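Notes follow the structure.
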Amino acid sequence: MSVVDSYLFEIGWLFFAAWSVIVAVFLVAAFGRDFLGAVAERGRAKRKDSCQMASATGAK
């Protein structure tokens, strides 16, 4: 492999690594609220269920 080929290989690798980071940042910016909202909603539902079960067994 010549110096030019090595240079092009390194530049190509860096380009695709940077492109992947840019795409990941845009995906998180665009859809992050959806993913984080679903996780938070699932956590709230679990807490609500456990509170209802505790109040149903202890209130009698």
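Bear in mind the structure is a predicted one, so any value in this text is a computation, not a measurement.
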Using side-chain contact (heavy atoms from CB on, under 4.5 Å) as the criterion, list what pairs up with [X], not counting sequence neighbours.
| X | answer |
| --- | --- |
| L27 | V23, F31 |
| F15 | none |
| V3 | none |

Among residues at least two apart in sequence or on other chains, which ones pass side chain to side chain donor-acceptor pair (under 3.5 Å) with S2? D5
Taking the hydrophobic residues Ile, Leu, Val, Met, Phe, Trp and Tyr, and joining any pair whose side-chain heavy atoms are under 4.5 Å apart, which ones share a cluster with Y7?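 Members other than Y7 - counting any ILVMFWY side chain reachable under 4.5 Å - are I11.
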